[in-house]
Every structure is written in structure tokens, then in C-alpha cells.
*Asks:* 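One structure, pasted below without further comment.
FYI, side chains are in, hydrogens and waters are out, and symmetry mates aren't considered; it's all heavy atoms of this structure. Here the structure is a predicted model, which is why all the values come from computation and not from measurement.
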Amino acid sequence: LLSGDMKDDTDFKVASEIIVVDIWIQKFLKNVQIDEQTIKSLYDKNKINVAASYKLRNILVDNEVVADKLIASIKSKAQFKYPKKRLKVFESYVKKESKDLATRNKGGDSGWINVLGLPDNMKKALKSTKVNYIRKVKIKDLGWQILLIEGIKPEHKASFKEAREQLLFEAKKMRLQEEVNSILQP
């Protein structure tokens with residue numbers, strides 16, 4: 001379409017209106033003021049949980065046979081009751097064996113991982129684990145991941161401080177819906 005014809009094109013008109021509405025929504029959400037009492041009231045009414053998270057180190061290998069051999073070797077060289085030694089042994093295998101380019105140079109350190117972002121098989125493997133345990137998990141299309149669990153933060157009820165930003169956003173969305181409803185009423 002030529003630019004002169006665009007003003008008469010229905011799709012162009014609809015797209016333009018959508019863009020205007022989106023800009024208005026973003027501006028409204030940015031500028032609407034929510035008082036602290038409203039946020040506290042939402043906190044009291046809603047049970048907000050913080051999902052479990054795990055501090056993990058990993059070694060990514062191509063197949064289960066290699067994973068099993070590495071796990072057996074790590075366990076034989078560093079018993080469970082010596083976590084610092086186990087970590088050193090694990091890190092040495094990361095450098096030699098891991099295919100994970102993102103964590104190989106960091107000793108396999110994946111940091112704290114929220115369980116909500118994990119595949120179901122990994123959630124299941126981590127659910128019944130303890131700190132300093134080693135688990136293996138099949139990663140679709142990548143191979144097998146050997147996980148060393150360095151820390152666990154269990155699921156818990158969010159403190160007001162932890163939930164505040166989420167509640168503020170929810171309050172703004174509620175206020176936006178009220179505004180839209182008032183505009184649409186005859």
C-alpha cells in the first residue's frame with residue numbers, strides 16, 4: 001500500500017487505535033498512585049507464596065552412562081560428610097567434562113534457581129533432595145545434567161516486603177480495570 005492509501009486501510013486504522021490504547025494503558029499504569037494501605041489490604045487478603053529455590057552447580061554430559069560414571073567418581077573421591085572437598089571434586093569435573101558453556105568457567109555455578117522455571121522432571125528430582133546431594137536429570141535435546149545442590153530455600157509465605165511489588169502491580173491493574181469500566185459505561 002502507498003502511504004496515501006494507508007489512512008483508508010481498515011487494518012491500519014485498527015492497528016493505530018490499538019497502539020494508542022496501549023500507550024494510554026502504559027501511561028496510566030506508570031502514573032496511577034496506589035496508597036500503602038491498599039497494598040497492605042491486598043497482602044492481608046491474598047496468600048502469596050514464594051516458590052522454592054535451589055542453589056545449584058551442574059555438569060552437562062551427553063549421555064546417562066557418562067553421568068553415572070562421573071557421579072560414582074565424585075562420590076568415591078569426596079564423601080557426603082565433606083562438603084568442601086565434594087565441591088572441589090565437582091568443580092574439577094565441571095572443567096574437564098561439562099558441555100555447559102554458560103557455567104563451565106564458573107565451576108558449574110548456576111546460582112539460585114526458582115523452581116517455577118524448571119521442567120517437571122527436574123522439580124521432581126530436587127523436591128526430595130538435601131544440601132550437598134547430587135542428582136542427575138535428563139535434559140531434553142541436550143543430554144544429562146548432574147546437579148550438586150548447594151542450598152535450598154523452601155517455599156514459604158511471602159513477607160510484605162517480598163510481595164510488595166507484585167501487589168502494587170496487581171492494585172494498579174485493578175485500578176486500570178475500574179477506569180476502563182467507567183469509560184465504557186454509557
Side-chain angles (χ1 to χ4, degrees), residues 26 29 34 36 39-174:
Q26 296 306 317
L29 290 173
I34 305 295
E36 202 66 17
I39 299 170
K40 286 180 182 173
S41 176
L42 279 174
Y43 178 75
D44 292 339
K45 289 178 188 173
N46 297 293
K47 269 193 167 178
I48 298 174
N49 286 336
V50 175
S53 58
Y54 297 85
K55 181 154 180 19
L56 303 174
R57 288 188 184 264
N58 80 87
I59 301 171
L60 181 64
V61 295
D62 292 327
N63 61 64
E64 188 174 16
V65 173
V66 173
D68 289 338
K69 285 180 182 177
L70 287 175
I71 291 170
S73 183
I74 292 167
K75 287 181 176 180
S76 72
K77 292 180 179 182
Q79 295 175 359
F80 176 79
K81 61 184 175 181
Y82 302 111
K84 288 183 181 178
K85 185 174 183 185
R86 182 171 268 200
L87 176 58
K88 285 190 180 294
V89 170
F90 192 90
E91 287 176 328
S92 73
Y93 280 109
V94 169
K95 291 175 186 164
K96 289 188 272 185
E97 304 287 343
S98 186
K99 309 284 185 221
D100 185 348
L101 300 177
T103 63
R104 186 171 52 199
N105 293 331
K106 299 187 302 181
D109 189 355
S110 299
W112 285 96
I113 308 293
N114 184 310
V115 74
L116 295 177
L118 298 176
D120 289 340
N121 65 330
M122 193 177 288
K123 287 179 194 174
K124 185 178 177 184
L126 292 171
K127 189 170 185 147
S128 63
T129 195
K130 296 180 182 176
V131 172
N132 205 30
Y133 275 41
I134 294 175
R135 294 285 185 257
K136 71 176 180 186
V137 181
K138 173 81 169 114
I139 304 294
K140 186 179 178 184
D141 300 326
L142 293 176
W144 286 82
Q145 195 167 43
I146 303 165
L147 302 170
L148 173 64
I149 294 83
E150 289 191 282
I152 300 172
K153 293 179 185 174
E155 180 177 344
H156 63 278
K157 184 178 185 307
S159 68
F160 179 73
K161 184 178 178 181
E162 290 172 311
R164 189 180 184 290
E165 286 304 311
Q166 180 182 347
L167 293 168
L168 176 61
F169 184 68
E170 290 300 318
K172 286 182 174 192
K173 287 190 335 189
M174 289 167 46

*Asks:* Between CD1 of I149 and CG of L126, what distance do you get to the nearest 0.5 Å?
*Replies:* 5.5 Å
*Asks:* With sequence neighbours excluded, tell me which residues meet ring pair (Phe, Tyr, Trp, His ring centres under 6.0 Å) with Y43.
*Replies:* F160
*Asks:* What I'd like to find out is whether the side chain of L116 reaches to under 4.5 Å of the side chain of N114, using heavy atoms alone.
*Replies:* yes
*Asks:* Rounded to the nearest 0.5 Å, what's the gap from CG on L118 to NZ on K123? Could you check?
*Replies:* 7.0 Å
*Asks:* Supply the atom-to-atom distance E97 CD to I59 CD1, rounded to the nearest 0.5 angstrom.
*Replies:* 7.5 Å
*Asks:* More than 12 non-hydrogen atoms from neighbouring residues, nucleotides or ligands closer than 6.0 Å to NZ on K157, yes or no?
*Replies:* yes
*Asks:* R164 versus E36: any side-chain heavy-atom pair under 4.5 Å?
*Replies:* yes
*Asks:* Less than 4.5 Å apart, side chain to side chain, heavy atoms only: is that true for R86 and I134?
*Replies:* yes
*Asks:* Going by heavy atoms in the side chains, are L148 and N132 under 4.5 Å from each other?
*Replies:* yes
*Asks:* Determine the minimum heavy-atom distance between K153 and W112, stating which atoms define it.
*Replies:* CG-CZ3, 3.6 Å
*Asks:* So which heavy atom on V131 is nearest to which on G151, and how close?
*Replies:* CG2-CA, 4.0 Å
*Asks:* Report yes if the side chains of E170 and N46 come closer than 4.5 Å at any heavy-atom pair, otherwise no.
*Replies:* no
*Asks:* Can you measure from NZ (K136) to CG (N121) and round to the nearest 0.5 angstrom?
*Replies:* 12.5 Å
*Asks:* Can you sort out the partners of F169 under ring pair (Phe, Tyr, Trp, His ring centres under 6.0 Å), two or more places apart, ordered by chain and number?
*Replies:* none
*Asks:* Working to the nearest 0.5 Å, report the span between CG of L87 and CG of D109.
*Replies:* 9.0 Å
*Asks:* Taking R104 for its side chain and S98 for its backbone only, find out whether a donor-acceptor pair lies under 3.5 Å.
*Replies:* yes
*Asks:* Working note: Y54 + R135, criterion side chain to side chain contact (heavy atoms under 4.5 Å, CB included); need CA distance, chi angles, decisive distance, verdict.
*Replies:* CA-CA 13 Å; Y54 297 85; R135 294 285 185 257; over 6 Å; no
*Asks:* Heavy-atom distance under 4.5 Å between the side chains of T103 and R57, does that happen here?
*Replies:* no
*Asks:* Taking all atoms of both residues into account, what is the closest heavy-atom pair of L42 and M174, and its distance?
*Replies:* CD2-SD, 4.1 Å
*Asks:* Quick one, E162 and I48 - any side-chain contact, counting heavy atoms below 4.5 Å?
*Replies:* no
*Asks:* Is it the case that the side chain of K55 and the backbone of E150 share a donor-acceptor pair, with hydrogens and angles ignored and the cut-off at 3.5 Å?
*Replies:* no
*Asks:* Find the distance between CD1 (I34) and CG (L167) and round it off to the nearest 0.5 Å.
*Replies:* 11.5 Å
*Asks:* Which of these, L147, I74, L70, sits in a side chain to side chain contact (heavy atoms under 4.5 Å, CB included) with F90?
*Replies:* I74
*Asks:* Salt bridge check, E91 against K88: does any charged N sit closer than 4.0 Å to a carboxylate O?
*Replies:* no
*Asks:* Give a yes or no on whether the backbone of A51 and the side-chain of N49 come within a donor-acceptor separation of less than 3.5 Å.
*Replies:* no
